[in-house]
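Reviewing the structure listed below.
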2 protein chains.
Amino acid sequence: MSGMRIGEVAQASGTTAKTLRYYEDVGLLPDPDRSPAGYRDYGPEVLDRLHFIRRGQAAGLTLAQIGQVLAIRDRGQAPCQHVTDLLDTRLAVIDRQLAELAQLRTTIAILREHATTGDPATCSPEDVCRYL
Amino acid sequence: MSGMRIGEVAQASGTTAKTLRYYEDVGLLPDPDRSPAGYRDYGPEVLDRLHFIRRGQAAGLTLAQIGQVLAIRDRGQAPCQHVTDLLDTRLAVIDRQLAELAQLRTTIAILREHATTGDPATCSPEDVCRYL
DNA sequence: CTTGACCTTCCAGTGCACTGGAAGGTCGAT
DNA sequence: ATCGACCTTCCAGTGCACTGGAAGGTCAAG
């Protein structure tokens with residue numbers, strides 16, 4: 001009984017056939033069965049795996065990091081320590097990004113306010129625009 | 001009176017001479033003065049500019065986006081309405097990024113808790129790792 | 001039996017932000 | 001005078017995550 005072809009998997013997972021072949025190339029997806037004609041023949045479990053990959057990516061992990069976790073999972077060992085380490089690192093990076101973004105927002109917001117207070121008469125480049 | 005050479009600027013700003021030349025190439029830094037020998041001769045204001053670039057980058061902005069904002073600043077003559085429009089767009093993007101980043105943070109924090117609650121016994125690949 | 005959608009492989013290109021290296025010029029110190 | 005650290009330009013390569021396109025095979029529908 002044949003499963004899904006690459007286009008169906010792409011559709012179902014919201015990616016492209018190109019990307020699926022790429023994932024296979026870099027070892028994120030196992031080599032699938034083939035139909036007599038050589039078409040890739042996927043079982044439904046590939047969708048879980050792609051969901052895992054997508055979630056990992058949404059969490060800011062690189063494909064290499066996701067691949068590490070998948071490799072550990074494929075060997076049947078619980079990668080909890082590994083996962084928590086990765087996630088802790090991610091959290092730290094995100095907190096830093098949030099802080100910097102908030103700071104930048106403040107800077108720009110202040111400038112924007114400078115740019116609006118006063119009509120064109122008082123809005124000279126020297127007074128307003130170069131304080132960005 | 002001569003200012004800083006590229007190596008000094010690199011050192012002072014925590015980047016490399018290579019990167020500074022690259023920034024110049026892509027228009028993030030203005031063409032600096034040159035010494036008689038052709039060495040780049042930077043004034044101290046370049047450090048402010050590099051600090052701004054670094055903060056923008058730390059906040060997850062691309063060099064192209066940072067370049068847009070810098071271009072506004074450089075065109076000190078830009079009409080204020082135009083400036084506020086661009087800044088509003090920037091703020092909207094930053095607010096969206098902040099929201100997404102906050103969401104991502106929450107997601108990862110939840111995942112991390114899932115990964116730690118439970119001892120190795122319950123931490124089987126099937127039970128835990130697929131929550132990632 | 002042809003059309004068109006789908007599949008195959010392979011190789012090359014994209015965009016971002018650098019980074020490396022060759023080949024050569026400049027400068028202060030020994 | 002020459003050494004070494006610095007500078008110059010130019011071109012090419014890296015890593016990530018795809019993406020495009022050529023050249024050809026497969027298959028159900030009309």
Side-chain angles (χ1 to χ4, degrees), chain A residues 1-43 46 49-70 86 89-90 93 97 100, chain B residues 1-43 46 49-70 93 97:
Chain A
M1 99 202 176
S2 80
M4 289 172 290
R5 281 177 307 166
I6 196 167
E8 294 173 300
V9 175
Q11 176 111 32
S13 63
T15 55
T16 66
K18 271 298 198 199
T19 298
L20 296 178
R21 291 192 203 99
Y22 169 71
Y23 284 173
E24 188 181 317
D25 279 352
V26 297
L28 284 176
L29 296 181
D31 288 10
D33 290 342
R34 297 293 181 130
S35 77
Y39 286 15
R40 284 172 180 79
D41 185 7
Y42 294 96
V46 76
R49 200 173 178 91
L50 285 168
H51 186 63
F52 183 98
I53 293 169
R54 202 177 58 76
R55 298 273 287 156
Q57 272 194 302
L61 304 180
T62 66
L63 291 187
Q65 289 172 320
I66 295 166
Q68 279 172 34
V69 180
L70 281 171
L86 283 174
T89 305
R90 277 289 110 198
V93 170
Q97 277 197 337
E100 308 247 10
Chain B
M1 93 205 176
S2 81
M4 289 172 289
R5 281 177 307 168
I6 196 166
E8 294 173 299
V9 174
Q11 176 112 32
S13 63
T15 55
T16 66
K18 273 287 198 208
T19 298
L20 296 179
R21 290 192 203 98
Y22 170 72
Y23 284 173
E24 189 181 316
D25 279 352
V26 297
L28 284 175
L29 296 182
D31 288 10
D33 289 343
R34 296 293 181 132
S35 78
Y39 287 13
R40 284 171 181 79
D41 185 7
Y42 293 97
V46 77
R49 202 173 176 90
L50 285 168
H51 184 64
F52 185 93
I53 293 170
R54 202 182 59 76
R55 276 199 298 136
Q57 269 194 304
L61 303 180
T62 67
L63 290 188
Q65 289 172 320
I66 295 165
Q68 259 183 47
V69 180
L70 283 171
V93 171
Q97 281 195 344

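Just so it is clear: chains get the letters A, B, ... in the order the sequence lines come, proteins before strands, and each one is counted from 1. These figures come from a predicted structure and were not determined experimentally.
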Item to check | Chi angles and distances behind the side chain to side chain contact (heavy atoms under 4.5 Å, CB included) call for A:Arg5, A:Arg40 | outcome: CA-CA 6 Å; A:Arg5 281 177 307 166; A:Arg40 284 172 180 79; over 6 Å; no
Item to check | Straight-line distance of A:Leu50 CG to A:Thr19 OG1, nearest 0.5 Å | outcome: 10.0 Å
Next on the checklist: Measure CD/A:Glu8 against P/C:dA5 and give the value in whole Å, please.
Outcome noted: 17 Å
Checklist entry - Looking at the side chain of A:Tyr39, which of D:dC6, C:dT8, D:dA17 is the nearest nucleotide? => result C:dT8
Next on the checklist: Is the shortest side-chain heavy-atom distance between B:Ile66 and B:Phe52 below 4.5 Å?
Outcome noted: yes
Next on the checklist: Given C:dC7, D:dC6, D:dA17, identify the nucleotide with an atom nearest to the side chain of A:Leu63.
Outcome noted: D:dA17
Checklist entry - D:dC18 C1' sits how many Å from A:Glu24 CD, rounded? => result 15 Å
Checklist entry - More 5' along DNA chain C: B:Thr62 or B:Ser35, using each one's nearest nucleotide? => result B:Thr62
Checklist entry - Separation of B:Asp25 atom CG from D:dC11 atom P, in whole Å? => result 12 Å
Checklist entry - Of all heavy-atom pairs between B:Glu24 and B:Pro30, which one has the smallest distance, and what is that distance? => result CG-O, 4.4 Å
Checklist entry - Rounded to the Å, how far apart are B:Arg5 CZ and C:dG25 C1'? => result 14 Å
Item to check | Between C1' of D:dC7 and CG of B:Leu20, the distance in whole Å | outcome: 13 Å
Next on the checklist: Looking only at the side chain of A:Ala37 (C-beta and beyond, no hydrogens), which of the listed nucleotides D:dT9, D:dC27, D:dA17 gets closest?
Outcome noted: D:dC27
Checklist entry - Under 4.0 Å: is that the gap between some side-chain N or O of B:Gln57 and OP1 or OP2 of C:dC18? => result yes
Item to check | A:Arg40 CZ - C:dT8 C1' separation (whole Å) | outcome: 7 Å
Checklist entry - Distance check: side-chain N/O of B:Arg54 vs OP1/OP2 of C:dA17, anything under 4.0 Å? => result no
Checklist entry - Which whole-number value in Å describes the distance from B:Ile6 CD1 to D:dT9 P? => result 8 Å
Checklist entry - Taking the side chain of B:Lys18 as heavy atoms from C-beta outward, which of C:dG20, D:dC7, C:dT9 is closest to it? => result C:dG20
Item to check | Separation of atom CG in A:Asp41 from atom P in D:dC27, rounded to whole Å | outcome: 13 Å
Checklist entry - Nearest to the side chain of A:Arg21, which nucleotide is it out of D:dC27, D:dC6, C:dT9? => result C:dT9
Checklist entry - Would you say B:Tyr23 reaches C:dA17's phosphate, i.e. side-chain N/O to OP1/OP2 under 4.0 Å? => result no
Next on the checklist: Taking the minimum atom-to-atom distance to the side chain of A:Thr16, which one of D:dC6, C:dG21, D:dT19 wins?
Outcome noted: D:dT19
Checklist entry - Out of D:dT9, D:dT26, D:dT19, which has the shortest distance to the side chain of A:Thr19? => result D:dT19
Checklist entry - Do A:Thr15 and A:Tyr22 have side-chain heavy atoms sitting under 4.5 Å apart? => result no
